[in-house]
Student: 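Below is the structure I would like to discuss, written out as structure tokens.
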Amino acid sequence: MKVLIAEDDRTTQVMLESLLRKWGYDTVVVSDGNHAWRILSEEGAPSLAVIDWLMPGMEGTDICRKVRERNFKQGIYQYIILLTVQGDQEDIVKGLEAGADDYVIKPFDSQELQMRLSVGKRILDLQAKLAFSASHDHLTRLLNRHALFDRLSGEIARADREDGPLMLALLDLDHFKVVNDTYGHIAGDDVLRAIAKEIPRYLRPYDVVGRYGGEEFVVILPGVSLDEAFIIMDRVREGISAKAIKTKEGTINVTISAGMAQYAPPMTMDDLISQADRALYRAKDGGRNLICY
Ligand code: GH3
Ligand code: MG
Ligand code: MG
Ligand code: MG
Ligand code: MG
């Protein structure tokens with residue numbers, strides 16, 4: 001885990017850095033408040049920070065306030081331990097009020113700091129687990145419907161901004177009710193998990209896949225034309241139809257149908273999904289194991 005150390009006193013800084021390294025943390029060290037905020041606001045920023053109360057540039061409390069006001073609103077959770085000087089009870093109250101998670105009084109006891117850091121790590125781990133379950137589907141571990149909508153609205157905004165192409169595909173397992181009726185729901189669940197693993201194999205790292213509902217999946221393909229999307233989705237279709245899915249009830253073969261829609265302003269997210277849904281209906285109508293636009 002990466003930890004930001006923001007401390008202008010050189011001796012304390014060196015001591016903090018060597019202790020944290022010894023305890024197995026990666027460290028980023030700065031001695032200026034503005035620099036600290038810059039690091040905490042960039043992508044891939046440390047999620048744990050030890051920040052001095054008084055520093056040139058920006059005070060520790062101002063950094064806390066900014067982290068809470070800006071980063072937290074964007075869903076980025078960072079745990080901040082404020083370093084304060086002995087005997088200033090009022091500072092502690094102000095620091096916690098500004099958004100610090102905890103504080104350590106200087107000169108600090110190294111064991112106490114080590115434990116306070118591990119409390120922070122425990123809370124961050126818990127927070128990451130909660131964030132994962134809130135945005136992922138339990139059965140397949142793909143993005144859930146809610147997270148898919150978030151990603152889709154982000155991709156629509158990007159397509160508008162960059163005037164770039166964007167494709168959406170809605171996938172539905174063919175005759176899946178028959179699979180459940182024949183092999184039971186447990187085997188049906190195994191099939192859904194296998195499909196969830198299979199779909200991303202044909203996609204690029206920046207494509208988005210999620211579970212839309214029951215036996216329906218969504219694929220968001222940014223930056224591709226209709227023809228390119230068709231090629232990608234047809235590989236998915238082909239790959240799934242060729243896959244022998246092993247379950248306790250035996251080997252099961254399934255096929256999918258998909259409907260695609262191409263984004264063009266001023267379409268809304270609902271317009272895009274409805275268009276893909278209509279195309280999916282045509283794929284079902286056309287005999288299934290088919291991709292339609
Ligand atoms: P079509 O080709 O027209 O899509 O036929 P279908 O049988 O797949 O469609 P239908 O909508 O009639 O049935 C969908 C089935 O998917 C019924 C439902 O029980 C099953 N299903 C939905 N969610 C789950 C799930 O989480 N696990 C299992 N095992 N089955 C599910
Ligand atoms: Mg200082
Ligand atoms: Mg369905
Ligand atoms: Mg179906
Ligand atoms: Mg149906």
Side-chain angles (χ1 to χ4, degrees), residues 4-17 29-37 49-64 80-88 91-92 94-95 98 100 103-108 113 137 139-140 142 144-145 148 168-183 185 187-189 191-196 198-199 210-219 233 236-237 240-241 245 252-260 273-274 276-292:
L4 171 72
I5 298 170
E7 168 62 79
D8 61 329
D9 177 64
R10 185 73 188 136
T11 314
T12 314
Q13 190 188 88
V14 169
M15 187 158 66
L16 281 169
E17 189 179 14
V29 184
V30 301
S31 46
D32 170 275
N34 289 319
H35 195 180
W37 165 243
V50 179
I51 295 175
D52 188 26
W53 176 275
L54 270 181
M55 273 180 301
M58 197 189 291
E59 287 189 6
T61 43
D62 292 331
I63 299 172
C64 290
I80 301 172
I81 300 174
L82 209 54
L83 290 174
T84 64
V85 203
Q86 184 79 52
D88 233 336
D91 282 359
I92 292 169
K94 272 192 217 150
Y103 63 89
V104 168
I105 294 165
K106 287 195 281 191
F108 58 84
L113 177 66
D137 164 58
L139 180 73
T140 62
L142 291 179
N144 63 22
R145 191 188 178 97
L148 267 174
L168 178 83
L170 202 55
L171 285 69
D172 186 292
L173 269 67
D174 295 327
H175 297 306
F176 193 55
K177 199 179 166 319
V178 177
V179 172
N180 276 321
D181 290 348
T182 312
Y183 302 95
H185 269 83
D189 285 354
V191 171
L192 288 174
R193 269 190 289 260
I195 299 298
E198 189 69 10
I199 298 170
R211 188 179 182 199
Y212 187 64
E215 27 81 80
E216 290 173 15
F217 299 88
V218 159
V219 174
M233 291 314 299
V236 173
R237 182 200 59 76
I240 288 172
S241 76
I245 301 167
I252 303 175
N253 287 283
V254 291
T255 58
I256 57 125
S257 298
M260 297 195 305
I273 293 168
S274 305
D277 206 25
R278 285 194 294 275
L280 172 60
Y281 187 82
R282 288 195 291 279
K284 293 284 184 184
D285 218 31
R288 296 177 170 77
N289 191 19
L290 208 61
I291 311 292
C292 278

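Note that ligands are numbered from 1 as they come in the structure, with each ligand's atoms numbered from 1 the same way.
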Student: Suppose we only count N/O/S atoms under 2.8 Å; would D52 qualify as near the Mg ion (ligand 2)?
Tutor: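 Checking the Mg ion (ligand 2) against D52, an N, O or S atom does fall under 2.8 Å.
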Student: So does D172 have any N/O/S atom less than 2.8 Å away from the Mg ion (ligand 4)?
Tutor: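 Here the distance criterion (N, O or S atom, under 2.8 Å) is met by D172, so yes.
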Student: Quick one: does R211's side chain have a donor or acceptor within less than 3.5 Å of a partner on G214's backbone?
Tutor: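 Such a contact is found between R211 side chain and G214 backbone.
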Student: So, does R193 use its side chain to make a donor-acceptor pair with the main chain of T140 at under 3.5 Å?
Tutor: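 A pair under 3.5 Å: no.
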Student: Looking only at N, O or S atoms, which one in E215 sits nearest to the Mg ion (ligand 4)?
Tutor: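 Of all N, O or S atoms in E215, the Mg ion (ligand 4) lies closest to OE1.
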Student: Say you draw a straight line from OH of Y212 to CG of L171; how long is it, rounded to the nearest 0.5 Å?
Tutor: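 If I round to the nearest 0.5 Å, the distance is 13.0 Å.
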Student: Tell me whether F176 has at least one N, O or S atom under 2.8 Å from the Mg ion (ligand 4).
Tutor: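 It does not; every qualifying atom lies at 2.8 Å or beyond.
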Student: Step by step, would you call E59 with K94 a salt bridge (charged side-chain N to carboxylate O under 4.0 Å, His left out)?
Tutor: CA-CA 12 Å; E59 287 189 6; K94 272 192 217 150; over 6 Å; no
Student: Answer yes or no for W53: is there an N/O/S atom below the 2.8 Å cut-off from the Mg ion (ligand 2)?
Tutor: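 For W53, the answer is no, given that no N, O or S atom comes within less than 2.8 Å of the Mg ion (ligand 2).
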Student: Tell me whether S31 contacts the main-chain N or O of E7 through its side chain, where contact means a donor paired with an acceptor under 3.5 Å.
Tutor: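 No, the answer is negative, given that no donor and acceptor are paired below the 3.5 Å cut-off.
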Student: With a cut-off of 2.8 Å, does E216 put an N/O/S atom close enough to the Mg ion (ligand 4)?
Tutor: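 It does not; every qualifying atom lies at 2.8 Å or beyond.
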Student: With a cut-off of 2.8 Å, does D8 place any N/O/S atom under that distance from the Mg ion (ligand 2)?
Tutor: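 Yes, within the cut-off.
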Student: So, taking the atom named CD1 in I63 and the one named CH2 in W37, what distance separates them when rounded to the nearest 0.5 Å?
Tutor: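 Rounded to the nearest 0.5 Å, the CD1-CH2 separation comes to 9.0 Å.
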